[in-house]
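Structure, as structure tokens:
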2 protein chains.
Amino acid sequence: MQKTSAAPVKFTHVQCGDCPIRHRAVCARCETDELVRLEETKYYRSFEAGQTIVWSGDRMDFVGSVVTGIATLTQTMEDGRRQMVGLLLPSDFVGRPGRETAAYDVVATTDLVMCCFRKKPFEELMVQTPHVGQRLLEMTLDELDAAREWMLLLGRKTAREKIASLIAIIARRDASLKMQKSEGRVIVDLPLTREAMSEYLGLTLETVSRQISALRKDGIIEIEGKRHITIPDFDRLIEEAGDDSDGGFLV
Amino acid sequence: MQKTSAAPVKFTHVQCGDCPIRHRAVCARCETDELVRLEETKYYRSFEAGQTIVWSGDRMDFVGSVVTGIATLTQTMEDGRRQMVGLLLPSDFVGRPGRETAAYDVVATTDLVMCCFRKKPFEELMVQTPHVGQRLLEMTLDELDAAREWMLLLGRKTAREKIASLIAIIARRDASLKMQKSEGRVIVDLPLTREAMSEYLGLTLETVSRQISALRKDGIIEIEGKRHITIPDFDRLIEEAGDDSDGGFLV
DNA sequence: GCATCGGGTTGATTTAGGTCAAGGCTCGCG
DNA sequence: CGCGAGCCTTGACCTAAATCAACCCGATGC
């Protein structure tokens, strides 16, 4: 099962600044003049950990991408049950062209910097420059694959498998960015509270805590503090995750 | 929470044949010469109920859309646990441009006709005619929304709520196509076996059966045979589904 | 120094849904 | 006509995870 696109996009545009929307997220193959037009409507926004960026149903007149930090998309039922439906790491895109209200709560789970564009100009740009739309399609298809992997997790995995999967997912995303892996031994800092993990996994936070303890007791993971995890044998973790495929290299 | 795009696409192209990929799925706003080019690579395929169209990991050199019948996308774990991750009704698109192997099992759950295009020419067409790509982006975004609604269902809803939600989803898709609704009273034919429902909902088929019986006893639904359901009060069903939003008009 | 608070752990108990098992209904076929 | 296969239902029992509750630990504030 292949999760990544056949031909991975190369980010060769060298005049990029620090804004991922230019060099990673959207404008991977864009031309200089398009960059300039995009640039004109660009602005940055910072949020503190815990802050809600938009509430479900609110007007949302921008799109953007995460520069640093982590955000989540969450759905809430009337009685307060919550399910995370999106985990946004740096370079991930937020917002849907063609929709003017947010469909989910968007929350900063760590301190966060986003790079935003007003929606109108962005949509106009999309019409004028097909590359942007094509890149967005690729990203959306990747997200859809991730969502489907997530559905398997939610529908069929045990609590232990869910925890192992989540750690693996974060480790892989981390590793693919930072390459902190050395022959099977992997180190991760969980960027989520136990509660956020429980919302990701469709569990209670007590169960999350218990299963993390269980994995520690069984030597699958080692823990320092609350969040710092080292995985002595990554393949063993993957076994615990019960993944059929390569586990989805995309979150 | 808004599930449909702000400006719903209008299907005004009148020379359409019976192929949904032309008039509904992809070429909503296309020009005649594009249609012609697409037409050249088009072919139909029929499948019987229960037949597997592609296996996860198999080479898949076509994309297409469902004309009549129902297909599903399913993921399987090594030990046989299965989770449905896509339900494809007429006009839904199958396949991912840019990927040459299938990521999921695609199964015909009823007799099925698909309209297919060889992938290469389709991809070339996509590059040449932005409208096709844009339409595909819209469809993919809709699917992503549906997947996220589905995640809430899998992660947080009770068995009873899951069943009620599924019936509501099918009824709405049905109704939006066939308009067989009369003041709150709705009639649906479930196009899925109990087993398929259980794979959709992350339950066992026994639980599905029990909860359907429970909803019948409580007068939420009435059943004739195994599959024919009438919903005397649709709003009451929605209450049982525990939906926060409008419930996602998209499957 | 002490109180408080957010995040985390652990234990005791309950329960929703899974598992195992028996049987029913319908349809096609020898 | 009787038989078996699919599909579905129902019952008895079991277990994984939820619930309820106590408590730990480190940071922050007064």
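Treat the numbers as computed from the prediction; the structure is a model and nothing was measured. Keep in mind that the numbers below use all heavy atoms, side chains included, and drop hydrogens, waters and symmetry copies. Order of the sequence lines fixes the chain letters, A, B, ..., with proteins taken first and strands second; residue numbering starts at 1 for each chain.
Taking atom NZ of B:Lys226 as the reference point, atom C1' of C:dC27 lies 13 Å away to the nearest angstrom. Spacing between atom CD of B:Glu206 and atom P of D:dC7 amounts to 15 Å, rounded to whole angstrom units. Separating the CD atom of B:Gln83 from the P atom of C:dG18 is a distance of 12 Å, rounded to the nearest angstrom. Following rounding to the nearest Å, A:Leu153 (CG) and D:dA17 (P) show an atom-to-atom distance of 12 Å. Atom CD1 of B:Ile212 is separated from atom P of D:dT10 by 11 Å (rounded to the nearest Å). In this structure, the NZ atom of A:Lys157 is 18 Å from the P atom of C:dG18, given to the nearest Å. For the pair A:Leu215 CG and C:dT10 C1', the computed distance is 16 Å after rounding to whole Å. One can place CZ of B:Arg194 at 16 Å from P of C:dG18, the figure rounded to the nearest angstrom.
Within the 4.0 Å cut-off from OP1 or OP2 of C:dG18, at least one side-chain nitrogen or oxygen of B:Thr204 is found. For B:Ser213 and D:dT10, the shortest distance from a side-chain N or O to OP1 or OP2 is below 4.0 Å. Distances shorter than 4.0 Å separate some side-chain N or O of A:Arg227 from OP1 or OP2 on C:dG8.
Residue B:Arg210 places its side chain closer to D:dT10 than to any other of D:dT10, D:dC8, C:dT9. Distances from the side chain of A:Ser209 to the nucleotides D:dT9, C:dT10, D:dA17 place C:dT10 closest.
For the pair A:Arg96 and B:Asp142, the salt-bridge criterion is met [side-chain N within less than 4.0 Å of a carboxylate O].
The backbone N or O of B:Ser56 sits less than 3.5 Å from a side-chain atom of B:Asp105, completing a donor-acceptor pair. With B:Asp111 contributing its side chain and B:Ala49 its backbone, the two residues share a donor-acceptor pair below 3.5 Å.
Here A:Gly202 lies in heavy-atom contact (under 4.0 Å) with sugar-phosphate atoms only. Across all strands, A:Leu203 comes closer than 4.0 Å only to sugar-phosphate atoms, never to a base (heavy-atom distances).
Within 6.0 Å of CZ on B:Arg82 lie more than 12 heavy atoms contributed by other residues, nucleotides or ligands.
Taking CG from A:Asp243 and CD from B:Glu78, the interatomic distance works out to 8.0 Å, rounded to the nearest 0.5 Å.
Ranked by how close their nearest DNA chain C nucleotide is to the 5' end, A:Glu195 and A:Arg156 are led by A:Glu195.
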